[in-house]
Each structure stands twice: as structure tokens, then as C-alpha cells.
Amino acid sequence: MFLHKAFLYSKMIKLNRFYYSTLLQKIYSHVETTNKGSIAIIENLQNVLHDNNNNTNCKIDYKDLISQINNFSTRLALSMDEHTEHKSDNVKKTKTTIAFLCRPSIKYVVTLLSIWRLGHIAVPLSPLHPTNEILHVIKDSKSEIVIVEAPLENLVQIDDKLIVQEQIYPTVINFEKIAMRNNDDVIRQILPSLMNNSNVNDNDDDAYIVYTSGTTGTPKGVVHTHAAIKTQVEDMVSEWKWNPNDHILHFLPLHHLHGIVNKLFCCLWVGGTVEFIEPSADILWSRIIQNNNNKYPQPTANLFMAVPTIFQKMLETYHTYPTEKQNEIQHACKSFRLMVSGSAALPINVLDEWRQATGHILLERYGMSEFCMGLTNPYEPIENRTPGFVGKNFPSIDIILCEYEEDDDETVEPESKINTDRPIALPSKGVSIPGEIRIKGSGMFSRYLNLDDVTKEAFDINGYFKTGDIAVFDSDINSYKILGRKSTDIIKHKGFKISALEIERYILEHPNVLEACVFGVPDTVHGEGIYCLLRCINTCNWKITERHPEEEGKIIFESEMNIFLSQRLAKYKLPSQYKIVDDIPKNQMGKINKKIVMKQL
């Protein structure tokens, strides 16, 4: 009876033979090296501010991780076959799109890698998103299976009404039910035969679909292959000197490439340790203090990557600490070999403050969902990291600057439009004229999901991806400087094209300003007026005028800030209006969606 049942199950999942993605090959190879017993993942998700000497972190080594992947993927294959028995043959296919909703944890890693282990396509969902956004991704990606961790099931409620109205038909399977399937004897019987049938996937196979943050429009599904992921990881491993001794603190969302590739995949690729921890400033500082400290049982972390918003929040918290604790932080940060900032522009004042607080010069880099990483400041020598610049291209990246027109510039006659595929010649000395960044490389995404025309439009006639970001190249320091998005960060004022990011950088040098958001608003005289939102340390330090008392926040005298800025910027670049607010809205990656801010105003 047992053998017959095992035979039936093996027949059921014959289409779901085991596959090795390039990342999985690396992970599986770690158990054959001296890294066999090294820790792969630590869950440090309890509050490390308390109970430091009774730490109950959950952790697994690479051998345990591989075992969990093998067992969960087998159980997942059985569950998928059972749940698709009643469906048509076109659902029962070798490659299935599977969305999954897990918190950053061992469960997340096991689920993603198990999906790949079966040769399927993964769609990571975010527990930070509301239900409507999650359902949009499930529908747009045409996910046929959705795996949900138990505490998050309320975020994925697909009822009959939703099926009729939204045409969403996935099968939702609970993670815990898959993991706890009572088929141990059967799995032990069929697992060896499936393992023997393992084969390396075609690198051109789709690996996962991630969705853009929506700062440039409606979120789009970005499809990456296993080959592209391999290139992306190898670039960062090479340039940032990843090695098996690395231990990274991971607190970023895992539905964007910054958290997935830069922090998770690179670390697993080399056999290092990923430690998941809460993204609270107090918790992060407390964890850093525990580095190399005999009072605490924590291993030593040596890599730290975050977005500018987190660095800003941590510095605000740092300045509330007594001198003794600040000294502890400075000492503990010596154990870190690299700290990286990305996903949004890093204000120079934050970079300077971070250096004073920790002794580290943050490495700034530039990337997008479509190609992961494109530009990076040097790992060494550290003194060649120039504030406000993002370095030069990664090994696999070919980059050019092209002449450009604004996407929404209706004042230019069609016959007068610039050939935007014409590269800008970079000078042998000095700074180039501004141009749009164009990227080409083997780490590029394959397509926008269900958007063939948009995909075609995203590339120029020479095969370069049009990023929409405007930059200059400084030949004297061999580095690029991002000026902003051509649609929202380039302001057309009095006949000039002005970088909103440049104005923001100088505003943030003011000691009373924490955050600034500069953008253009329609102006019948000047084309666009320069408008600025400010979050300040103490609004009482400003001279306030109630010109618009019905609005939230208060408008400050233009002369108050412009006196400060006139020593740093040309007169035509000075904002015409300021508004103090309690908060400037951002997405989960710390990016300000200026289009939404402008609509709200």
C-alpha cells in the first residue's frame, strides 16, 4: 500500500522535477565546502532592546536551509497538484506563476527558493501593502497559486464577488499547511528519485516578477531571468568584495530588488549570514552596539545597507542619546567594513552627519527595478567616494548619456524635437552637459509584464534602456552625478532647466531643515514656479506668516530661506514659495512620489 501510494505521488509531480537555479547551485555548493556548518539566516525579530542576555533567535545553517527547501518544495508540488485537480490542463503546466506573501524571514527565503526549485516563476508580495495593491499584483501577474503566511491571510481575501468583478482566480494556500503536510514517509520515498532527476534550468527562464514602486507612474511588473540575476549578483560580489565571512543586517522590504538582490542574494551567493531585524532606529542602534561586545551573545555584523530615510531617522535618534551611548556606537561601527546608501538621493548633510557619528563614508550607488544596479562609488579607496556622486558603471553595465526632451513638453514642435538617441560626447576634462542615462547589459530585465508596447518604447534604437534619469559626468573625478527625473526633478523655470535635487541638497545644509521636497508647479509667466516642502526641527525658529491659514502647515517668508540659499545657488534657482509640513509622504523604499505630492497640493 505504501509503495503504491508513493508511486502515485511520484507520477503526480512528474512535471515538477527539481531544478537548480544559478543561485540554488551556489547555495547547495556551500555544504560541500568549509562553509558546511556556517549560519545562513538569523531571525532577530524580537525587540533587541530587551532581554539581551536571553536571546532566542531562530537561526539555520546552510545544511538546514537546503533540507527545508527540499522538503517544502516537495510538499508544495503535492499541494499544487491536489489544488489543481479540478482545473483545466492549461493550469497544470510545468511553469506556474506563484505569488507569495511572507514577512522577511526564513519562511520567505524557503518559499522563494522552493518555487525556483520546482522551476516556477515567483512573485513576491509585500505585507506593507494594503489588500487592493496586493490583489492588483496577483491579478496583473496572473498568479495561479498564492502562498500566504498565516498571520497575513487577512490581506488576501479572494471571495466570489472579487472573482466575478476582478477576474482573479488563484488558489490560495497557507504556508503552514504546506509545511505541515503529513506525507513524511511518502516524501522520503520519492525525494531521492526526484533529486536524481534534477536539472539546471535554462538561464533564460523567467525567475521572478517584481513591481516598480510607482514613482514614475502605475506600478509595472518587471520580469527578470535567472541569467540576469546571476549577472546582478556577480557585479556586486565583485565590486563590493562580498565574502563568506560577511554578515548583513537585513531590515528592508523584500518586494524590491534592493532588499532581494543587494542584501539577500549576494549574501547567500557567497555563503555569508543574513540577519533579519526590525527597521526601527532604536533597535538598529542597539543591535550595532552589540557587535564585538562580550556582554551580548550576538555575532558580529559587518555590512549595513539602507535607504536615505532610514539613515536620517537613525541620526535623529542618535542625537537624542547621551554621550556615553554615542561613544559606544562609534566604537561598535568599527567592526563594519561597508555601509551603503541607495534607492533615493542621499542628502550631503546626512552623509556628513553619518560620517561624524560612525566614522563611515557611505558608499552611494544607483539602480532601478529594471536592471538592479548600474553605477557605484568605489569600495576602495574610500576617499574617492565623492558626496553627491554615484560613481561609475558596474562591470556588466554599458552606460551612455543622451540628449533628451521632457516627456510632457508640448511647447516643442515635432520637427524641432531633439534626436534623443544621440549620445553626448563626454569631455576629457570637466563636466559634461546634462543627458539622460541610458543603460545596456546582461543584467537587464527581459520585459514589462503584459506591456509589449511599453517594453519596446523603453529601449532606444541602439538597445539601450531609457532610464528617464538626468545626469552629468565629471571627467576630473570619473563619476556621474544624478540631477533627477526628467519628468519631475527637472524644473523648466524662466527658460532654464533646473535640477530639483540640486536645490534640495543645498536646502538640507540649513541646520533647521530635516527634509526637503522641491518640484515645479505651473506658472503662466515663468513656465513653472519652484515650490518647496520642508520638514523642520523647530518651526518656532522661523518667521511665520499666515498667508493661507486655511491650509495645513505654514508658509514661511521666502526671504528667510533665500538669504541662506543665495550664497549657494544662482538667483533664478531660488524657490518662490515654501511650506512647512509635519511629514513628507514616501513609499516603503523611502522615495517621495512627487507626482502624488503635487496632486495633493
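Hydrogens, waters and symmetry mates are skipped; everything else that's a heavy atom, side chains included, is used.
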Do [X] and [Y] have a side chain donor and acceptor closer than 3.5 Å?
| X | Y | result |
| --- | --- | --- |
| Ser335 | Asn291 | yes |
| Tyr448 | Glu370 | yes |
| Thr231 | Ser396 | no |
| Tyr379 | Arg385 | no |
| Glu436 | Tyr464 | no |
| Thr22 | His226 | no |
| His319 | Glu353 | yes |

Check whether any side-chain N or O of [X] sits under 3.5 Å from a backbone N or O of [Y] as a donor-acceptor pair, and report yes or no.
| X | Y | result |
| --- | --- | --- |
| His510 | Asn512 | yes |
| Asn478 | Ser475 | no |
| Thr225 | Asp204 | no |
| Ser126 | His255 | no |
| His30 | Trp269 | yes |
| Ser67 | Asp64 | no |
| Thr386 | Phe389 | no |
| Ser238 | Glu234 | no |

Report the distance from atom [atom1] of [X] to atom [atom2] of [Y], rounding to the nearest 0.5 Å.
| X | Y | atom1 | atom2 | answer |
| --- | --- | --- | --- | --- |
| Leu514 | Leu315 | CG | CG | 10.5 Å |
| Ile69 | Leu24 | CD1 | CG | 5.5 Å |
| Lys263 | Met305 | NZ | CE | 7.5 Å |
| Gln68 | Leu113 | CD | CG | 11.0 Å |
| Phe465 | Ile397 | CZ | CD1 | 11.0 Å |
| Asn393 | Asp235 | CG | CG | 9.5 Å |

Using the six-membered ring wherever Trp is involved, compare the ring planes of [X] and [Y] and label them parallel, tilted or perpendicular (cut-offs 30° and 60°).
| X | Y | answer |
| --- | --- | --- |
| Phe445 | His224 | tilted |
| Phe251 | Phe304 | tilted |
| Tyr208 | Trp116 | tilted |
| His250 | Phe276 | tilted |

Considering non-hydrogen atoms only, spot the tightest contact between [X] and [Y] and give its length.
| X | Y | value |
| --- | --- | --- |
| Leu125 | Val137 | CD2-CG1, 3.5 Å |
| Ala516 | Leu508 | N-CD2, 3.9 Å |
| Met314 | Trp285 | O-NE1, 2.8 Å |
| Phe100 | Ala122 | CE2-CB, 4.0 Å |
| Pro253 | Leu128 | CG-CD1, 3.9 Å |
| Arg337 | Trp240 | NH1-O, 2.9 Å |

- [ ] Applying side chain to side chain donor-acceptor pair (under 3.5 Å) between Arg438 and each of Asn462, Asp421, Thr467, report the one that passes.
- [x]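 Only one option passes, and that is Asp421.
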Considering only heavy atoms from C-beta outward, does the side chain of [X] approach that of [Y] to under 4.5 Å?
| X | Y | answer |
| --- | --- | --- |
| Ile477 | Asp474 | yes |
| Ile60 | Ile41 | yes |
| Ile507 | Phe564 | no |
| Lys481 | Val390 | no |
| Gln330 | Asn327 | yes |
| Val210 | Ile260 | yes |
| Tyr480 | Leu426 | yes |
| Met373 | Asn262 | yes |

TODO: Output, in order, the C-alpha distance, side-chain angles, deciding distance and verdict of side chain to side chain contact (heavy atoms under 4.5 Å, CB included) for Thr273 and Ser38.
DONE: CA-CA 8 Å; Thr273 301; Ser38 63; 5.8 Å; no
NZ/NE/NH1/NH2 to OD/OE distance under 4.0 Å, [X] and [Y]:
| X | Y | value |
| --- | --- | --- |
| Lys466 | Glu457 | yes |
| Lys573 | Glu502 | yes |
| Glu316 | Arg535 | yes |
| Asp282 | Arg287 | no |
| Glu275 | Lys59 | no |

Check this for me: [X], atom [atom1], are more than 12 non-hydrogen atoms of other residues, nucleotides or ligands nearer than 6.0 Å?
| X | atom1 | result |
| --- | --- | --- |
| Glu509 | CD | yes |
| Lys392 | NZ | no |
| Glu383 | CD | yes |

Task: Residues which pass ring-ring contact (aromatic ring centres under 6.0 Å, His included) with Tyr366, listed by chain and number, not counting sequence neighbours - done: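 Listed in chain order: nothing, the list is empty.
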Open item on the list: What verdict does the side chain to side chain donor-acceptor pair (under 3.5 Å) test give for Asn349 and Tyr506, after you've listed the backbone C-alpha separation in whole Å, the side-chain angles of each residue and the deciding distance to 0.1 Å?
Closed with: CA-CA 9 Å; Asn349 68 311; Tyr506 286 115; over 6 Å; no
Open item on the list: If you apply the rule ring-ring contact (aromatic ring centres under 6.0 Å, His included), what do you find for Phe311 with Trp354, and how did you get there?
Closed with: CA-CA 8 Å; Phe311 288 115; Trp354 189 264; 4.7 Å; yes
- [ ] Start with the C-alpha gap between Ile106 and Cys58, add the side-chain angles, then the distance that decides, and say whether side chain to side chain contact (heavy atoms under 4.5 Å, CB included) holds.
- [x] CA-CA 9 Å; Ile106 295 170; Cys58 178; 3.7 Å; yes
Task: Derivation and outcome, side chain to side chain contact (heavy atoms under 4.5 Å, CB included), residues Ile229 and Leu23 - done: CA-CA 8 Å; Ile229 293 169; Leu23 177 61; 5.6 Å; no
Open item on the list: Go through it in stages, so that I can follow the logic: the residues are Leu338 and Leu363, the test is side chain to side chain contact (heavy atoms under 4.5 Å, CB included), and I'd like the CA-CA distance, side-chain angles, deciding distance and then a yes or no.
Closed with: CA-CA 8 Å; Leu338 177 63; Leu363 185 151; 3.9 Å; yes
